[in-house]
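Numbers restart at 1 for each chain; the letters A, B, ... are given by sequence-line order, proteins then strands. Computed over heavy atoms, backbone and side chain alike; hydrogens, waters and symmetry mates excluded.
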There are 2 protein chains.
Amino acid sequence: MKYFTNACPARGAGLILPRVKKSGRIIIPRKTIYRLSIYLRCLARLKENGLDTVSSEALAKAAGVKPTQLRKDLACFGTFGTRGLGYDVTELSSRIADELGTSRLQPVILVGVGNLGLALLSYRGFEKEGFEIIAAFDANPRRPRNKQIAQPILGMDVMPKFIAEHGVKMAILSVPAPSAQEVANHLVDCGVAGILNFAPIVLTVPEDVMANNVNLAIELENLSYFIRD
Amino acid sequence: MKYFTNACPARGAGLILPRVKKSGRIIIPRKTIYRLSIYLRCLARLKENGLDTVSSEALAKAAGVKPTQLRKDLACFGTFGTRGLGYDVTELSSRIADELGTSRLQPVILVGVGNLGLALLSYRGFEKEGFEIIAAFDANPRRPRNKQIAQPILGMDVMPKFIAEHGVKMAILSVPAPSAQEVANHLVDCGVAGILNFAPIVLTVPEDVMANNVNLAIELENLSYFIRD
DNA sequence: AAGCGTTTGTGAAATATTTCACAATATTTC
DNA sequence: GAAATATTGTGAAATATTTCACAAACGCTT
């Protein structure tokens with residue numbers, strides 16, 4: 001079992017406790033969660049190739065990390081390996097999937113049907129990972145010509161009702177920057193707890209809401225910095 | 001000036017040195033570089049709003065970080081503030097832009113003109129950030145109907161010549177997962193030093209090449225983990 | 001020009017993350 | 001079935017990053 005120095009230093013100076021959430025689960029660092037997602041995809045490919053077991057060394061190499069890091073990551077929520085042999089591919093997959101909570105299908109909505117939003121709508125890569133964009137919303141909900149879009153494109157006015165009826169907890173935000181914060185507030189009011197934000201601004205959201213940012217210009221800028229030597 | 005414990009512990013045990021690259025520049029942590037990009041965008045908005053100076057507290061709030069972190073980030077490459085007053089918006093902008101090397105326009109190519117690639121081609125958000133997608137490549141270079149794409153869409157066979165002639169150093173990779181590694185190898189052979197990878201696999205590249213990954217399914221998975229409590 | 005309020009810059013402390021080193025324990029071989 | 005080999009799980013060390021705390025420096029007011 002992994003232990004952390006507890007973030008609250010007040011009680012019992014020097015006392016070491018496992019760090020836990022209010023819900024009782026042990027906190028797993030965000031970086032570890034990202035890597036678990038990567039491990040899961042590597043395991044899927046290994047399984048396709050007919051492998052039954054895999055060592056931490058092989059899996060780590062496939063995921064682009066060090067073997068010890070992989071093992072430490074797994075140690076956050078259990079011990080699944082067999083010493084001398086490695087991990088059972090199928091079992092490890094399902095344990096990680098359980099931990100990530102990707103076992104059930106999550107409904108997602110998309111807000112902002114511009115260039116990028118439209119591309120994301122027709123992107124078929126989410127479903128096999130456990131997510132489904134079930135509807136899109138736009139202030140000006142025109143159905144694009146010459147496009148095979150399976151999802152309905154609805155007006156912003158019906159969004160609250162839709163979110164409540166379908167139990168939507170996550171949204172992809174691909175509106176222009178100037179309206180992003182306003183729309184995000186609206187989403188939060190409707191009960192959305194996770195926002196994947198493509199607008200190039202810093203969203204301000206309540207503490208119990210999570211906003212992940214994907215900013216393509218910043219990614220390019222980052223690359224450009226590190227390649228000039 | 002900021003100091004690090006040097007990563008190489010061999011010479012002069014315990015000796016503290018500023019961490020530098022072969023080129024002589026001090027290494028700035030990757031996370032700091034990301035934040036510098038964010039500061040730059042916040043400063044641009046402040047300037048639009050007519051502000052001349054800004055305190056670390058105000059800028060940090062706009063960027064979603066703590067004031068001390070902002071100041072430490074800036075301390076990596078100089079001291080630009082005026083005590084008691086704050087930072088000159090214009091000056092700080094240009095200093096950060098200089099450090100990031102975003103002053104000149106960078107030519108970028110895109111490989112893989114599928115749904116996502118097409119959307120990125122028509123995305124007008126890069127240019128004003130200093131990047132321009134000057135051409136796209138695809139194994140099957142058809143020009144899509146009903147789309148206003150300014151860039152030429154070329155076959156893979158002419159890619160090496162194009163890269164050499166235009167001094168391209170960065171590429172956006174939006175091909176399907178199975179061919180991503182092969183195409184990446186090809187790009188590296190042609191002299192590309194930075195790859196922004198949208199394919200959902202872990203790329204293996206030489207040490208002097210940088211590959212940043214954008215994986216939308218993983219971002220969603222990450223959200224979904226942290227919102228269930 | 002001296003005092004006051006403000007805000008930067010930074011060494012040191014606190015926290016977080018990664019890596020090391022190796023005991024523990026399984027499989028395989030002879 | 002004992003020895004050799006392989007590989008996990010993990011405490012401790014090393015490294016990295018963030019935050020604190022406060023001296024130093026500036027502008028403004030009087």
Visitor: Output the rounded distance in Å from CG (A/Leu92) to P (D/dT8).
Guide: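 Rounding to the nearest Å, CG of A/Leu92 and P of D/dT8 are 11 Å apart.
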Visitor: Summarise protein proximity over nucleotides 25-30 of chain C in one line of letters, 5' to 3': B for base, S for sugar-phosphate only, - for none, counting protein heavy atoms closer than 4.0 Å.
Guide: BB----
Visitor: Contact class for A/Arg30 (heavy atom, under 4.0 Å): base, sugar-phosphate, or nothing?
Guide: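 No contact.
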Visitor: Let me know the distance between NZ of B/Lys72 and C1' of C/dG9, rounded to the nearest Å.
Guide: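 Distance check: B/Lys72 NZ to C/dG9 C1' gives 8 Å.
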Visitor: Can you tell me how far P of C/dT8 sits from CD of B/Gln69, to the nearest Å?
Guide: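 Checked: the CD to P distance equals 15 Å.
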Visitor: Apply side chain to side chain donor-acceptor pair (under 3.5 Å) to the pair A/Glu221 and B/Tyr34, showing each step before the final yes or no.
Guide: CA-CA 8 Å; A/Glu221 203 159 278; B/Tyr34 268 107; over 6 Å; no
Visitor: Within the structure, does a side-chain N or O atom of B/Tyr87 lie under 4.0 Å from either OP1 or OP2 of C/dT6?
Guide: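 Checking C/dT6 against B/Tyr87, no side-chain N or O comes under 4.0 Å of OP1 or OP2.
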Visitor: How many Å lie between CG on B/Leu74 and P on D/dT18, as a whole number?
Guide: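 My rounded result for the distance is 14 Å.
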Visitor: Evaluate whether atom CD of A/Glu57 has more than 12 neighbouring non-hydrogen atoms of other residues, nucleotides or ligands under 6.0 angstrom away.
Guide: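 12 or below, so no.
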Visitor: What integer distance in Å separates A/Asp73:CG from D/dT10:P?
Guide: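 To the nearest whole Å, that distance equals 14 Å.
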Visitor: Can you list the steps and then say if B/Asn185 with B/Gln181 is a side chain to side chain donor-acceptor pair (under 3.5 Å)?
Guide: CA-CA 6 Å; B/Asn185 294 345; B/Gln181 181 64 59; 2.8 Å; yes
Visitor: Return one dot-bracket line describing DNA chain C 5' to 3' (Watson-Crick or G-U wobble pairs, both distances under 3.5 Å; ( ) same strand, [ ] crossing, | another strand, . none).
Guide: ||||||||||||||||||||||||||||||
Visitor: Heavy atoms within less than 4.0 Å of DNA chain D: which residues of residues 45-66 of chain A have one? Give them sorted by number.
Guide: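 Going residue by residue through residues 45-66 of chain A, the ones with a heavy atom under 4.0 Å of DNA chain D turn out to be A/Ser55, A/Ser56.
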Visitor: Respond yes when some side-chain nitrogen or oxygen of A/Arg71 is under 4.0 Å from OP1 or OP2 of D/dT8, and no when none is.
Guide: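 Checking D/dT8 against A/Arg71, a side-chain N or O does come within under 4.0 Å of OP1 or OP2.
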Visitor: Could you walk me through whether B/Thr32 and B/Asp73 pass the side chain to side chain donor-acceptor pair (under 3.5 Å) check?
Guide: CA-CA 6 Å; B/Thr32 296; B/Asp73 285 341; 3.1 Å; yes
Visitor: In this structure, how many angstroms lie between the C1' atom of D/dT7 and the CG atom of A/Leu70, rounded?
Guide: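 In whole Å, D/dT7 C1' and A/Leu70 CG are 12 Å from each other.
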